[in-house]
Novice: 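The structure that follows is given in the form of structure tokens.
So that the names make sense, note that chain A is the first sequence line, chain B the second, and so on, each numbered from 1. What you see is a predicted model; the values in this text were computed from it and never measured.
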There are 2 protein chains.
Amino acid sequence: MTSIKDVAREVSLSTATVSRALRGLRGVSDENRTRVTEAAQRLGYVPSPSAVGLASGQTNMVAVIVPHVSRWFFGEVVQGAEEVLRAAGYDLLLYNLAGEPAARHRVFQTGLLSKRVDAVLVLGLRPTAQEQARLAQLGRPVAIVGAAATDLYSVSIDDELAARLATTHLVDLGHRRIGYVGGSLDTLDYIAPSARLAGYRAVLRERGIRHYRELEDVGEFTVAGGGAAARRLLTGPERPTAIFAASDEMAIGVLRATRELGLSVPGDLSVVGIDDYELAEFFDLTTVAQPVREQGRRGAERVLAELLGVRRRTESEVLPVELVVRASTAPPATER
Amino acid sequence: MTSIKDVAREVSLSTATVSRALRGLRGVSDENRTRVTEAAQRLGYVPSPSAVGLASGQTNMVAVIVPHVSRWFFGEVVQGAEEVLRAAGYDLLLYNLAGEPAARHRVFQTGLLSKRVDAVLVLGLRPTAQEQARLAQLGRPVAIVGAAATDLYSVSIDDELAARLATTHLVDLGHRRIGYVGGSLDTLDYIAPSARLAGYRAVLRERGIRHYRELEDVGEFTVAGGGAAARRLLTGPERPTAIFAASDEMAIGVLRATRELGLSVPGDLSVVGIDDYELAEFFDLTTVAQPVREQGRRGAERVLAELLGVRRRTESEVLPVELVVRASTAPPATER
DNA sequence: ATGAAAGCGCTAACAT
DNA sequence: ATGTTAGCGCTTTCAT
């Protein structure tokens with residue numbers, strides 16, 4: 001392992017000058033900078049991150065805390081964040097919670113992150129008050145991505161608005177019995193589900209549409225869960241003419257289950273989702289599109305800006321959503 | 001930031017003893033070990049990874065190099081690897097290549113990883129000879145996951161076997177015009193595509209079935225790509241009665257495109273995939289199942305074992321695959 | 001513009 | 001069982 005000393009010896013300069021030259025600091029003659037750069041290149045010198053970290057106090061690493069790596073949404077966000085971090089020379093330390101409370105506790109509550117990373121990206125979940133306190137005491141830039149936060153910077157969409165767009169679209173088409181498929185309500189830290197449910201209910205209320213509690217079901221944000229929920233809703237007493245699913249994956253489950261029951265989409269049932277994910281266009285799913293990868297990019301850019309000393313604007317960012325109408329929605333067949 | 005010195009002072013012992021006590025090394029009285037542990041806890045002491053790394057030469061980090069984080073397969077593998085690494089106290093450094101040759105070069109060719117990680121997991125791609133040389137000169141445990149390698153340890157399935165199972169199933173059902181949808185052939189570093197194509201061709205040859213070059217198409221391992229390939233195959237002159245897609249995502253694209261063309265599955269076309277991924281059961285897709293998360297776990301376990309000094313067996317592991325017959329395959333309608 | 005020297009916070013011999 | 005003493009490989013004053 002060639003160290004900075006080797007390079008210094010090679011060019012007959014001190015390690016201090018080599019360090020300056022390599023980091024592009026001023027106070028090094030052009031000639032020497034060139035010689036140093038070349039020597040480092042020639043010797044295959046790469047600084048030891050541990051040594052740099054110890055001496056400078058910066059690790060050049062950013063923690064990314066993700067609820068489930070293998071879910072489409074988070075994969076996209078991670079990808080976006082990674083692009084930006086890599087370009088800035090930061091490494092990405094991945095912490096996957098995988099739904100385990102133990103993992104969540106370990107990451108947030110133990111000082112684990114304190115001396116390990118320069119900044120933290122939290123994806124898709126709203127930190128508890130206690131967790132926020134811990135994050136704050138890290139004294140490092142933190143961004144919440146894909147979930148709106150109050151005290152911390154966050155970049156997300158307006159989940160309630162997204163739900164409103166979807167629901168309004170169905171109401172405008174003439175639907176009155178509109179089902180809702182969302183996440184389970186006890187996972188309150190994940191903000192999206194509750195905000196989306198709220199948006200759905202608000203539109204019904206505002207439009208003077210009777211709200212049936214039996215038309216709200218749980219789809220767990222998975223295709224299979226969406227399918228199961230749809231089967232329950234469609235075989236129940238008050239069969240809806242439309243279903244709004246709080247994610248595209250659940251919506252696709254709904255589509256599939258509907259057809260399995262011998263019903264047609266959008267003939268017998270209209271379906272709307274949220275995300276505009278990979279398969280949405282493919283399944284002709286009407287949905288509310290959100291920029292997912294972009295959220296990852298923004299979050300990363302934000303913490304980087306703070307690291308570079310740009311004045312911190314606490315304002316969170318809310319990215320635009322857009323209703324994308326495809327073939328899964330239409331006026332209800334039987335209007336009376 | 002409380003350091004080891006603070007703890008040492010608190011319990012009136014040397015930092016060396018504190019270090020030993022905290023790491024569970026022998027040579028510390030039970031009483032002192034307890035006192036140290038408690039003091040550390042009380043003070044909220046967490047060792048500085050940089051300092052540990054510098055002093056011990058170990059970073060407690062493992063690099064995971066992944067072609068595309070946002071693809072289902074890799075998300076699953078990462079999840080499996082993360083579980084194991086976390087349990088062992090290692091952090092996961094994620095390098096996403098995102099299909100960029102530049103990223104690939106940076107990760108493999110620059111000494112980037114050398115002083116940064118204790119081990120490397122390479123997912124889904126076969127390193128070039130040059131890359132292998134670089135990996136070897138890291139002098140650290142390396143595992144290839146999800147792709148068979150020759151000189152390095154690897155854990156994967158037998159891709160050719162998987163393709164054979166799928167193709168044989170179709171042949172046994174009576175199909176003779178069997179299309180193939182795979183990856184593009186120029187991405188040769190990704191071993192799976194070529195091995196799967198080879199398996200498909202081999203079965204046709206062995207069973208004395210005429211092989212039409214026009215029945216092989218490119219699906220790029222995406223749903224959309226699979227759909228496009230299917231449209232080409234099904235509207236061509238030699239319409240196949242069955243299609244074997246080298247991944248479930250492509251297979252689902254095939255299903256969808258087939259139905260869009262007004263054809264039925266399996267009535268007019270049988271479809272088989274590989275993976276048994278999330279949506280396969282949901283779409284009643286016949287497929288060859290492979291243990292994906294398990295591959296991630298094995299890869300991680302392997303490098304950890306090497307790190308702990310377990311003698312390195314160079315033998316690679318090949319995990320079992322299994323044909324899962326569902327409703328997307330049946331005998332061809334028109335047998336003559 | 002460059003160098004000398006003092007750490008950063010820990011671990012690893014080597015003592016005792 | 002515990003303490004002392006060197007570093008690990010850098011960055012960062014402070015000199016010059």
Side-chain angles (χ1 to χ4, degrees), chain A residues 1-37 39-40 43-61 89 91 111-118 139 307, chain B residues 1-37 39-40 43-61 89 111-118 139 307 309:
Chain A
M1 293 297 96
T2 81
S3 81
I4 199 172
K5 277 189 185 170
D6 301 316
V7 180
R9 194 179 309 117
E10 180 83 359
V11 292
S12 311
L13 287 169
S14 70
T15 61
T17 301
V18 172
S19 176
R20 292 186 192 106
L22 258 20
R23 285 180 300 153
L25 299 186
R26 4 160 296 170
V28 178
S29 69
D30 286 355
E31 190 206 329
N32 277 341
R33 191 184 299 278
T34 311
R35 290 178 54 228
V36 167
T37 312
L43 300 178
Y45 167 69
V46 178
S48 151
S50 296
V52 172
L54 194 51
S56 72
Q58 308 209 135
T59 62
N60 290 307
M61 299 205 278
D91 276 330
L112 182 66
L113 298 177
S114 58
K115 302 166 184 170
R116 205 164 299 246
V117 296
D118 293 342
L307 284 174
Chain B
M1 292 295 98
T2 82
S3 81
I4 199 171
K5 278 189 187 171
D6 301 316
V7 180
R9 195 179 309 117
E10 180 82 1
V11 293
S12 311
L13 287 169
S14 69
T15 61
T17 302
V18 171
S19 176
R20 291 183 194 109
L22 259 20
R23 286 181 298 153
L25 299 186
R26 5 161 293 169
V28 179
S29 70
D30 286 353
E31 190 207 329
N32 277 339
R33 191 184 299 278
T34 311
R35 290 178 54 227
V36 168
T37 312
L43 300 178
Y45 167 70
V46 179
S48 152
S50 296
V52 172
L54 194 51
S56 72
Q58 308 209 135
T59 62
N60 290 308
M61 298 205 278
L112 182 65
L113 296 177
S114 57
K115 301 167 186 169
R116 204 163 301 245
V117 296
D118 294 342
L307 285 174

Novice: Taking only side-chain nitrogens and oxygens of Lys115(B), does any of them come within less than 4.0 Å of OP1 or OP2 of dC10(D)?
Specialist: yes

Novice: Working to the nearest 0.5 angstrom, can you tell me the gap between Thr17(B) OG1 and Asn32(B) CG?
Specialist: 7.5 Å

Novice: CG/Asp30(A) to CZ/Arg35(A) distance, rounded to the nearest 0.5 angstrom?
Specialist: 13.0 Å

Novice: Side chain of Asn32(B): nearest nucleotide among dC14(D), dT2(D), dC10(D)?
Specialist: dT2(D)

Novice: Supply the atom-to-atom distance Thr2(A) OG1 to Arg9(A) CZ, rounded to the nearest 0.5 angstrom.
Specialist: 10.5 Å

Novice: Kindly say if Thr17(B) contacts the phosphate of dG3(D), meaning a side-chain N or O under 4.0 Å from OP1 or OP2.
Specialist: yes

Novice: When you check the phosphate oxygens OP1 and OP2 of dT2(C), does a side-chain N or O of Ser29(A) lie under 4.0 Å from one of them?
Specialist: yes

Novice: Output the single nucleotide from dA13(C), dT11(C), dC10(D) whose closest atom is nearest the side chain of Val52(A).
Specialist: dC10(D)

Novice: Counting only side-chain heavy atoms from C-beta out, which of dC14(D), dC10(C), dG3(D) sits nearest to Tyr45(B)?
Specialist: dC10(C)

Novice: Nearest to the Val28(A) side chain among dA4(C), dT2(D), dT2(C), which nucleotide is it?
Specialist: dT2(C)

Novice: Can you see if the side chain of Ser56(A) gets near the phosphate of dT11(D) - specifically, an N or O under 4.0 Å from OP1 or OP2?
Specialist: no

Novice: Hey, could you give me the CE/OG distance between Met1(B) and Ser114(A), rounded to the nearest 0.5 Å?
Specialist: 5.5 Å

Novice: Is any side-chain N or O of Thr15(A) closer than 4.0 Å to OP1 or OP2 of dT11(D)?
Specialist: no

Novice: dT2(C), dC8(D), dC10(D): which one has an atom nearest the side-chain heavy atoms of Ala55(B)?
Specialist: dC8(D)

Novice: Need one value for Arg23(B): base, sugar-phosphate or nothing, where a base atom within 4.0 Å counts as base even if backbone is also close, heavy atoms only.
Specialist: sugar-phosphate

Novice: By nearest nucleotide on DNA chain D, pick out whichever of Leu54(B) and Asp30(B) is the more 5' one.
Specialist: Asp30(B)

Novice: OP1 or OP2 of dT11(C) less than 4.0 angstrom from a side-chain nitrogen or oxygen of Ser19(B), does that happen here?
Specialist: yes

